Each structure stands twice: as C-alpha cells, then as structure tokens.
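Keep in mind the model is a prediction, meaning the values are calculated, not measured. Lettering of chains follows the sequences in order, A, B, ..., and the numbering in each one begins at 1. Just so you know, these numbers use all the heavy atoms, side chains as well, and skip hydrogens, waters and symmetry mates.
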Amino acid sequence: GESVGLHLPTLSVQEGDNSIINCAYSNSASDYFIWYKQESGKGPQFIIDIRSNMDKRQGQRVTVLLNKTVKHLSLQIAATQPGDSAVYFCAETRSQGNLIFGKGTKLSVKP
Amino acid sequence: DTGVSQDPRHKITKRGQNVTFRCDPISEHNRLYWYRQTLGQGPEFLTYFQNEAQLEKSRLLSDRFSAERPKGSFSTLEIQRTEQGDSAMYLCASSPKYPRDGASTDTQYFGPGTRLTVL
C-alpha cells in the first residue's frame with residue numbers, strides 16, 4: 001500500500017473477493033486512526049476508526065487491524081462490491097489534533 | 001442533509017484575484033478543520049477552530065490565506081492574490097463535542113469540498 005511519487009498504488013480485486021489495503025503511519029505518538037473512502041470528486045467518507053489501545057475493530061463488512069510495533073494499519077473489506085471502488089486513505093491523529101493522511105490506495109473492483 | 005456543506009463546489013478564477021469559500025459544519029460540532037488536497041495526494045491540514053478560536057495553523061497557510069469562524073458556526077477561507085499553485089480541492093471537516101452512536105470527539109466528518117482552479 002505504499003506509494004512512490006504521485007502514483008497511487010492500485011489494488012484490483014474480483015467482485016466477491018476480500019480486499020486488504022495496507023498503510024504505514026508515521027507518528028508513534030498517534031493514538032487514533034481512521035480509514036476514509038474517497039470517490040472521485042467527493043470528500044473523504046468515514047469508514048471505520050480504531051484507538052491505539054485496540055488492535056482490531058470490526059464494522060459492517062470492514063475490519064481494521066492495528067500493529068503498533070511496526071506502525072502498520074490495514075483495512076479488510078469482505079465480499080468486495082463494485083460500489084467499494086474508490087481511493088482509500090488511512091489517517092492518524094493525536095488528541096483531537098489535525099489528521100495526517102497516508103498516500104492512498106485506489107481499489108478497483110471487477111464485476 | 002445534515003452533513004458538512006461547502007460552497008461553492010467549484011470556483012474558477014484568474015491569477016491575482018481573491019476568492020472566498022464557505023463551510024457549514026454539522027450542527028453542534030465544535031471543531032472545524034480546513035484541508036487542501038491536490039491530485040493524487042491525501043488531504044493536507046491547513047488550520048482548525050474550536051468554536052470561534054483559531055487554534056492551529058499549518059506552515060502551508062501562507063500570509064495570503066486567512067480563515068475565520070466568527071460565531072463558532074460556519075467558517076470562511078479566503079485566498080488573496082491567487083496563484084496557479086493554489087489550484088486544489090479545499091476540504092472542510094468538523095468533529096463533535098458530544099459524539100453519538102459510538103462516534104468519537106476525534107472523528108472528523110468531511111464536506112464535499114470546493115474545487116479551485118486558478119488560470
């Protein structure tokens with residue numbers, strides 16, 4: 001899930017498969033993490049969040065995993081659907097501060 | 001719609017002109033954030049308000065940029081003497097003082113953004 005320069009990494013999956021999007025965060029002091037979904041021309045849409053005192057949190061079809069040892073975050077989407085096609089960003093923050101966003105991963109779902 | 005709203009959605013201007021954007025946060029959200037997003041990048045923090053107080057400004061916020069939130073509700077972001085490098089999506093987000101339904105005071109909800117093009 002890391003990007004180089006201006007090129008977004010892309011994940012292409014078949015409809016119905018599970019998707020895993022990875023993110024490395026930068027600040028070991030960050031204590032709150034969010035995944036956002038952004039469709040073309042729209043603002044980021046909240047998907048799921050997790051606090052640093054947890055290592056896993058589940059939502060509807062989505063799971064976020066946090067590994068503080070290696071500062072790694074992942075988003076798992078079960079039974080991926082065409083409507084899940086978008087750019088996904090992880091973001092970190094500390095104590096109601098500003099969000100620091102990762103580079104983003106473009107998810108393409110093939111029907 | 002009770003989400004964050006932004007106006008205008010699109011703005012095309014000539015270099016050197018001033019532009020102003022408006023953000024209306026979710027009702028009763030006390031914190032309001034401004035971000036800028038260029039193509040292929042994640043949003044970058046510009047500034048934020050807690051009620052009417054501007055508490056932090058990024059180094060990205062040059063002297064040509066000014067933001068206000070006079071009554072602690074809506075906010076405006078003004079760019080003076082626009083430059084081509086100002087072309088970007090300007091995003092506003094808000095976060096709640098009293099979160100509901102399992103949300104957090106740290107959760108930021110974004111508006112649709114204002115796309116600025118400087119010719």
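Using a 4.5 Å cut-off between heavy atoms, A:Leu99 contacts chain B through both its backbone and its side chain. Interface remark: A:Gln38 contributes side-chain atoms only to the contact with chain B (heavy atom separation under 4.5 Å). There is no contact between B:Glu44 and chain A, counting heavy-atom distances below 4.5 Å. Only the side chain of B:Glu56 comes within less than 4.5 Å of a heavy atom of chain A; its backbone N, CA, C and O stay farther away.
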**Request:** Step by step, work out the side-chain contact (heavy atoms from CB on, under 4.5 Å) result for A:Phe89 and B:Gln41.
**Result:** CA-CA 10 Å; A:Phe89 291 99; B:Gln41 300 292 312; over 6 Å; no
**Candidate pair A:Tyr36 and B:Phe110, rule side-chain contact (heavy atoms from CB on, under 4.5 Å), full reasoning** = CA-CA 10 Å; A:Tyr36 285 95; B:Phe110 282 82; 3.6 Å; yes
**Message:** Would B:Thr107 and A:Phe46 count as a side-chain contact (heavy atoms from CB on, under 4.5 Å) here? Give the steps.
**Reply:** CA-CA 8 Å; B:Thr107 307; A:Phe46 172 85; 3.6 Å; yes
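There is no path of hydrophobic side-chain contacts, each under 4.5 Å, that joins B:Leu61 to B:Tyr35. One hydrophobic cluster, built from ILVMFWY side chains closer than 4.5 Å, cannot hold both A:Leu65 and A:Ile47; they sit in different ones. No path of Ile, Leu, Val, Met, Phe, Trp and Tyr side chains, each step under 4.5 Å between heavy atoms, connects B:Phe74 with B:Tyr109, placing them in separate hydrophobic clusters.
In this structure, A:Gln60 places its CD atom where only 12 or fewer heavy-atom neighbours from other residues, nucleotides or ligands lie under 6.0 Å away. Atom CG of B:Leu55 has more than 12 neighbouring heavy atoms from other residues, nucleotides or ligands inside a 6.0 Å radius. Other residues, nucleotides and ligands contribute at most 12 non-hydrogen atoms within 6.0 Å of the CG atom of B:Asp63. Residue A:Lys68 places its NZ atom among more than 12 non-hydrogen atoms of other residues, nucleotides or ligands, all under 6.0 Å distant.
Interface with chain A: from residues 80-94 of chain B, residues B:Met89, B:Leu91 qualify, criterion being any non-hydrogen pair under 4.5 Å.
Here the CD atom belonging to B:Gln108 is positioned 6.0 Å from the CD1 atom belonging to A:Ile34, to the nearest 0.5 angstrom. One finds the CD1 atom of A:Ile100 at 10.0 Å from the CZ atom of B:Phe45 (value rounded to the nearest 0.5 Å).
Between chain B and the residues A:Gly43, A:Pro44, A:Ala91, the largest count of heavy-atom pairs under 4.5 Å involves A:Pro44.
A salt bridge links A:Arg51 to B:Asp106: one of the charged nitrogens lies within less than 4.0 Å of a carboxylate oxygen.
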